[in-house]
*Asks:* 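Just dropping this structure here.
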Amino acid sequence: MNDWHRIFAQSTLVPPHPQRARQLLKESTAFQCVLKWLEGPLVKQAVLEVLSETECHLRVSLFDITYRYFFGKTWRTSARPVQQLSRQPSRIVFDEPFYFHTSLNHPNIVAVVEVVTEGRKQDGTLQSLSCGFGILRIFSNKPDSPTSASQDKRLRLYHGTPRALLHPFLQDPVEQNKHMTLIESCSLLYTLRLHPPLEPAFHLVPQNLLVSGLQRVPGLLPAHSETGDALRKPRLQKPVTWHLDDLFLTLCPSLGRFEEELAQLLTCDHVQEGGGLLDGGALEVLERRLHVGVHNGLGFVRRPQVVVLVPEMDVAMTRSASFSRRVSSSSRTSSGNQALVLRSRLRLPEMVQHPAFAVVFQLEYVFSSPVVADGNAAVASSLSSLACMRAVRWAVWSPVLDVRAGSVTLPLQGGVLHNPLHCLVYQVPSASRSSEEVKQVESGTVQFQFSLNREEPLGTPMEHANGPKAARRSCKRPPSSPSGVPVPVPRGLAATQDSPVGPGLSLSQLVTSPQSPARCRSAKATPRSPEGSQPQAEFPLEGGVSHLEADLSQTPLVLETPVAEPLQELPFTPLHAPIVVGPQQRSSGSQLSRATMVLLQSSGFPEILDASKRPAEAVSPTDPVHFDSQREEADCLQSNEIVLQFLAFSRVAQDHRGAPWPKSVYFTFQFYRLPPATTPRLQLVELAGMGKTGSGSLSHVLVPISKDGSFDTGSPGFQLRYVVGPGFLKPGEQRWFLRYLAVQTLQIDVWDGDSLLLIGSAAVQMKHLLRQGRPAVQVPHELEVVATEYEQDASVVSGDVTRFGSVKPIGVHTVVRGLLHLTLANVGHTCERPVRGSSLLPPSRSRVISSDGASRFSGGSLLPRGGPRKNVVQAQKLADVDSDLAAMLLTHVRGGQGLQGAGREADAVRRRKLERMRSVRLQESGGEPGSRRTNILAQQSVRAQHSRDLQVIDAYRERTKAESIASVLSLAVTTQHTLYATLGTAEFFEFALKNPHNIQHTVTIEIDNPELSVILDSQEWRYFKDAAGLHTPLEEDMFHLRGSLAPQLYLRPRETTHVPFKYQSFSVGRPAPVQASAELSSGRGTDAGSPRKSSATFTKHAKVLFRASSGKLLAMLQLTVEPQPHVVDQIFRFYHPELTFLKKAIRLPPWHTLPGAPVGMPGEDLPIHVRCSDPSVLCEAQSVGPGEPRDVFLKVASGPSPEMKDFFVIIYADRWLAVPVQTWRVCLHSLQRVDVSCVAGQLSRLSLVLRGTQRVRKVRAFASHPQELQTDPAGVFVLPPHGVQDLHVAVRPRRAGSRFIHLNLVDVDYHQLVASWLLCLSCHRPLISKAFEITMAVGEGKGVNKRITYTNPYPTRRTYRLYSDHPDLLQFKEDTFQVGGGETYTIGLRFAPGGRVGQEEILIYINDHEDKNEEAFCVKVIYQ
């Protein structure tokens, strides 16, 4: 056995999975991996005691996680002795590198490292034990981006052997699978880096072959360094050029007998496989090919050349006399057999003087494609242009190094022997004779003359043999074209002087359809193997006819234009004051005081009763809740009546009594997936003697206001009822509703009923509404109503921006505005009506849509076949059922009168009925005396009209007949399905597509709705299948993508495959302004409406067409999408100047507080993705660093005042955006911006322009901070229609800084918002002239009285006014005083007791008679 056979037998590779061959080939990437040392007690002491001479080595194999498939060849390190080391931890040093290159750039292509211990047992036999394995990730999760980090890494090791990876339970990600167990304190230190120096040697090392640097690779020179690593910096051996002449092959017993027997055997195989009889009897030989390539034992150095052989007698009369003499003399040795002759010279410039380099020959026959005898003409014509290839014989020639020229005769081989092209070869004759020489002759021979050309210039050969770079250059050249101007032939082809077919194209290439364009690859690229054949290695031919199509499809290379160098971006973090989600919404968890309970009991609120008219069980909001879903679902009271009872709205204890308090309020919220609810205005009625009960008592109860503006204090409170039962919920939705009650909070916005300003928001947990088998429960709550105030972004500059990602929530202030007393109740009821039948329920939750259930039209009569008809339908006129025809008839009747609105269906039908009624009345009037002539004229007019109508109807039917018939026939391939979709949630399903024909099709998938898409990524498909529990087959690279064009799918005859789809919508309809099911407290509740149709949603439609390449429709899927209301987790409301951009950052809370979020690994950042329902809103989620909080950034363009933009922000915690973990509703109110620059404590005046509407209105101005802003007129005034009027505004801010003040102009009769302004205050602090300090005790004391003096600096008498920035802590004895010129006045101060320990700075503003600041004093109060 020579060197080539030895290396070839030892280097057999397992090819990658066949599905990987269908992927688009990419450039191969070279890697170097160094396995340094193994740490930890991996080898157990028990093993060391049983085995002697124990050694340890590592084995590395490539593994495809997607298909659970090992491929390539396992590489192993040298063995290292295992000793009982005293130091800890133990370490086994390997420090061995290995190299490889691969084009399978996919995150699931990994290297599996196995630790193996070998030793001898007591009987002397060798035993190997697996001590663990690790998974080395080669590529990152981002496609087309290999791991580039070159630093040392530690590989975690797992118990078991790598064979465990073949188990179907181990799905990706394998490392997080519960069946994988880590080996504690054991790891492997390694380094993985890209290795570009290996690229020039790609043609010598096959893909996916792990090679050690110490291994001798044929074609490489030994390394210069002492380490002997030849692959660290590979050096190529100098190539030489060999020429092969006078090549011919002989086959036994003769060429004709051999081909006849081969055709008969192929025909029999076709019949046995169920292909049917062939048309014409036998197959026809189209051409005979010979593949010739140079092989170094590991793989082909470059792609084999393909030449065409012709029978000897076919060329005897077409060649010169010298060639004929050579053929005749060579044929004498073939025992009179006709030979296959090559009429050109073969040139092999990639040969190297090395014993392992050999020349491989493979003979291949091209037959006409088999055509079924009973096939139709169209099928026969399409298949007759195809060809099938069969490998027949092969041979290997290893040149002798010291021989420069000579003649060679080689025996041909066949059968099941392993061959370099890795394909099945035709069988050889049976070994019936004993002579070895006779056996070689029976298989056939190949003969040729060879010569070595050492004097040839090295330019062309070196360019050809220097690896993939030369191959890329040659691949970029313009190829030859069979119909265009001849151009130089690519180097892989034989010379064309003697070719009888044409310049570089064989017969089968001329009749075979060109393949899809392929990327220009290196000489070692591997195209996909033909379907149905064995996987091939380096250079398989695509059906045997694709070795030229890739070159023919290339386009000339376009020169790149110089590109300007981009500017380097510096690291910068924009400063946005983040709004924290969740913590700012506080709900009181304390139990109500007994005094408050007495007031609630005595105020006369209606009592909540269960179904048996007994009081509902009272539950404390502080009691723990143990949620048992099985107990809830097993409850016999399946219908839940949710009651929201608004009782009272009270002041907080620390609220200043002089602060304004609303007279009426109303509430807005959204419960579950129902439309947003808005309550009527409720009057706040003060309770008598409220100050005697303590700090936490009720102050005002809520009373409904009647239409005339009056209210009855005898029936306080307001109730809303929602009935959530089987009639409302979809099948399987009950558990989601129970989970919503268990984990979600209900956010309630409180509004001022007169000024229409937001007072604040309250949040209440709904987990206590879970009845847990009880008939009814009620929970009283006392909720803090919190107002959030935002400062202007320009003033928020004091945050900590020195550290990356350390933005603090500055500029956001929360103030408790009041206490809302609310009672939540859940009353259980039995279902009043049985659950609807299956016909009224939505389709099954099965994710597979089959076309078998489609409504089909079988042809013939439109009436149902078999049996009497059960449905009787009264015939109707065409004009009554076809609106287009009705409009045409009515237009024809009216003639040229220019009928307006005739296009509207309702108007057209109505006018036609009126015409018929007029005709009937004319007929009825025929019996009256003196009207006979009129009757005759009317009948003639009616007959003429009917005749014209019949003509119009006949023309209309002829015009629409083809379209109507086509629409009816399309029902045979149409499948209808209904989806119930929710905002942001991906609805996954699969469509079972079947090819109904006996021929293959390339199907194009056309979709008319952008919200419906085909799932193209196999990982995304697997994610949705696992989430849905679907066990249908999954295929990698199922679709052929063509940029922005529709995807294509290949279907075999009669094949059925599952096409994955995903419907996901981010658009919503306009929400309902009020909740239709809300009623006043009348003791009865209403159903919350049908879940199938809601006032806030509308039906959508989508159509999917599956077309063959000929344009024929194979199947059609019609989807009806019923959007369902969605759950809102959080509501944000912003007020912003009109026609500007709002930029806000909303900070996400820790992930364990978000419902539905998966639990991540410790220290692992979950992927956060954000989508918005409004495409004009920019939103993104950025991670500022590991362990740092996540912020969601919003950029919204505000509209003109008083427009409100309402949109939803949807947050996902999974890669594929399957199910949202949070849904936020964001309301942006656009207000007219007014910039005011002022001084704290000083009055500033401005005027606003009011423009009247179309009618007279009684309006009034309301401010969000009435203590700091006053308007003139201050009360109600009349705004004339279309008039212009000034509204005078006076602003006296108490504190310095930048903030907003809202100003609303409200119609007091209809409570409508007429105009709204946003005053942006930029307030400066006055100059402090004096400072004081006082110490006070914290408690319930009466306060402290102090005095300060003020001297009038002017010579005349002046009047001064006193103001304070904290009126709740400091009051003046007199708010105004007069003092003569130069005199001193004593100002009396009264300090209120403080509520907590600390200090406070209080400013005293002394203003003149024009309210301009004269002086400002600062008093520092220390509370102890």
*Asks:* Which heavy atom in D1214 sits nearest to a heavy atom in V1219, and how many Å separate them?
*Replies:* OD1-O, 3.6 Å
*Asks:* Can you name the ring-ring contact (aromatic ring centres under 6.0 Å, His included) partners of F1207, sequence neighbours left out?
*Replies:* none
*Asks:* Find the distance between CZ (F718) and CG (L822) and round it off to the nearest 0.5 Å.
*Replies:* 12.0 Å
*Asks:* Determine whether V643 and N826 satisfy the following criterion, side-chain contact (heavy atoms from CB on, under 4.5 Å), listing intermediate values before the conclusion.
*Replies:* CA-CA 6 Å; V643 181; N826 184 0; over 6 Å; no
*Asks:* Only one of L824, V779, L783 clears side-chain contact (heavy atoms from CB on, under 4.5 Å) with P621; which?
*Replies:* V779
*Asks:* Looking only at the side chains, is there a donor atom on one of Q772 and R774 sitting less than 3.5 Å from an acceptor on the other?
*Replies:* no
*Asks:* When the ring planes of H768 and H781 are compared, do they come out parallel, tilted or perpendicular, using 30° and 60° as the limits?
*Replies:* perpendicular
*Asks:* Could you measure the distance from the CG atom of L738 to the CG atom of L769? Nearest 0.5 Å is fine.
*Replies:* 11.0 Å
*Asks:* Strictly under 6.0 Å, is that where the ring centroids of H1302 and Y1135 end up?
*Replies:* yes
*Asks:* Nearest 0.5 Å, what's the CG-NE2 distance between D1206 and H1229?
*Replies:* 8.5 Å
*Asks:* If I compare all heavy atoms of S761 with all of D749, which pair ends up nearest, and what's the gap?
*Replies:* OG-OD1, 2.6 Å
*Asks:* Report the C-alpha separation of E1020 and K1062 in whole Å, then their side-chain angles, then the decisive distance to 0.1 Å, and conclude whether the salt bridge (Lys or Arg N to Asp or Glu O under 4.0 Å) test is met.
*Replies:* CA-CA 10 Å; E1020 182 181 5; K1062 177 181 68 174; 2.8 Å; yes
*Asks:* Does the side chain of T978 reach to within under 4.5 Å of the side chain of L1119, using non-hydrogen atoms?
*Replies:* no
*Asks:* Which pairs pass salt bridge (Lys or Arg N to Asp or Glu O under 4.0 Å) with one or both residues in residues 761-772, sequence neighbours excluded?
*Replies:* D635-R771
*Asks:* Could you check whether any side-chain heavy atom of F1024 comes within less than 4.5 Å of a side-chain heavy atom of P1060, counting everything from C-beta outward?
*Replies:* no
*Asks:* How long is the gap from CG on L1016 to CD on Q1019, to the nearest 0.5 Å?
*Replies:* 13.5 Å
*Asks:* Hey, could you give me the CD1/CG distance between I748 and L820, rounded to the nearest 0.5 Å?
*Replies:* 6.0 Å
*Asks:* Taking the six-membered ring where the residue is Trp, are the ring centres of F1208 and W1224 under 6.0 Å apart?
*Replies:* no
*Asks:* Compare all side-chain heavy atoms of L720 with those of F646 and state whether any distance is below 4.5 angstrom.
*Replies:* yes
*Asks:* Could you give me the CA-CA distance, side-chain angles and deciding distance for L1178 and L1194, then say whether side-chain contact (heavy atoms from CB on, under 4.5 Å) is met?
*Replies:* CA-CA 6 Å; L1178 301 181; L1194 299 179; over 6 Å; no
*Asks:* Looking only at atom types and distance, does a side-chain atom of S1230 sit under 3.5 Å from a main-chain N or O of S1201, one as donor and one as acceptor?
*Replies:* no
*Asks:* Any donor-acceptor pair under 3.5 Å linking the side-chain atoms of K1100 with those of T1120?
*Replies:* no
*Asks:* On the 0 to 90° scale, with breaks at 30° and 60°, tag the F1066-Y1212 ring pair as parallel, tilted or perpendicular.
*Replies:* perpendicular
*Asks:* Please name the pair of heavy atoms, one in A762 and one in E784, separated by the smallest distance, quoted to 0.1 Å.
*Replies:* CB-O, 3.6 Å
*Asks:* Return yes if some donor-acceptor pair links the side-chain N/O of Q747 with the main-chain N/O of I1131 below 3.5 Å, else return no.
*Replies:* yes
*Asks:* Cation-pi between K1195 and F1141: NZ/CZ under 6.0 Å from ring centre and within 45° of the ring axis?
*Replies:* yes
*Asks:* With a 6.0 Å cut-off on the ring centroids, do Y672 and F737 count as close?
*Replies:* yes
*Asks:* Do you know which two heavy atoms are closest between L1313 and L756, and how far apart they sit?
*Replies:* N-CD1, 3.7 Å
*Asks:* Are the side chain of S1316 and the backbone of L1231 linked by a donor-acceptor contact shorter than 3.5 Å?
*Replies:* no
*Asks:* Check whether N1009 reaches the backbone of A1102 with its side chain - one donor and one acceptor, N or O, closer than 3.5 Å.
*Replies:* no
*Asks:* Answer whether the closest heavy-atom distance between the side chains of V827 and R721 falls below 4.5 Å.
*Replies:* no
*Asks:* Please examine the side chains of V1170 and V1209, heavy atoms only from C-beta on, and report whether any two atoms are closer than 4.5 Å.
*Replies:* yes
*Asks:* Indicate yes or no: at least one non-hydrogen side-chain atom of N108 is less than 4.5 angstrom from one of R137.
*Replies:* yes
*Asks:* Going by an N to O cut-off under 4.0 Å, is there a salt bridge joining K1025 and E990?
*Replies:* yes
*Asks:* Under a 3.5 Å threshold, yes or no: a donor from one side chain and an acceptor from the other, between E1011 and S1067?
*Replies:* yes
*Asks:* Going by heavy atoms in the side chains, are L644 and F669 under 4.5 Å from each other?
*Replies:* yes
*Asks:* With no hydrogens and no angle check, is any side-chain donor or acceptor of Q1064 less than 3.5 Å from a backbone partner on L1217?
*Replies:* yes
*Asks:* Nearest 0.5 Å, what's the OH-OG1 distance between Y666 and T678?
*Replies:* 7.5 Å
*Asks:* Using every non-hydrogen atom in the two residues, find where V750 and L758 come nearest and quote the distance to one decimal.
*Replies:* O-CD1, 3.3 Å
*Asks:* Would you name the heavy atoms of Q670 and L674 that are closest together and state the gap between them?
*Replies:* NE2-O, 2.8 Å
*Asks:* Could you check if a side-chain atom of I759 sits within less than 4.5 angstrom of a side-chain atom of L757, using non-hydrogen atoms only?
*Replies:* no
*Asks:* Tell me yes or no: between the side chains of S1198 and E1138, is some donor less than 3.5 Å from an acceptor?
*Replies:* no
*Asks:* For the pair F671 and Y722, evaluate side-chain contact (heavy atoms from CB on, under 4.5 Å) and give the outcome as yes or no after the intermediate values.
*Replies:* CA-CA 9 Å; F671 177 74; Y722 296 96; 4.2 Å; yes
*Asks:* Could you walk me through whether F1061 and I1015 satisfy the side-chain contact (heavy atoms from CB on, under 4.5 Å) test, starting with their C-alpha distance in whole Å, then the side-chain angles of each, then the deciding distance to 0.1 Å, before giving a yes or no?
*Replies:* CA-CA 6 Å; F1061 288 92; I1015 299 180; over 6 Å; no
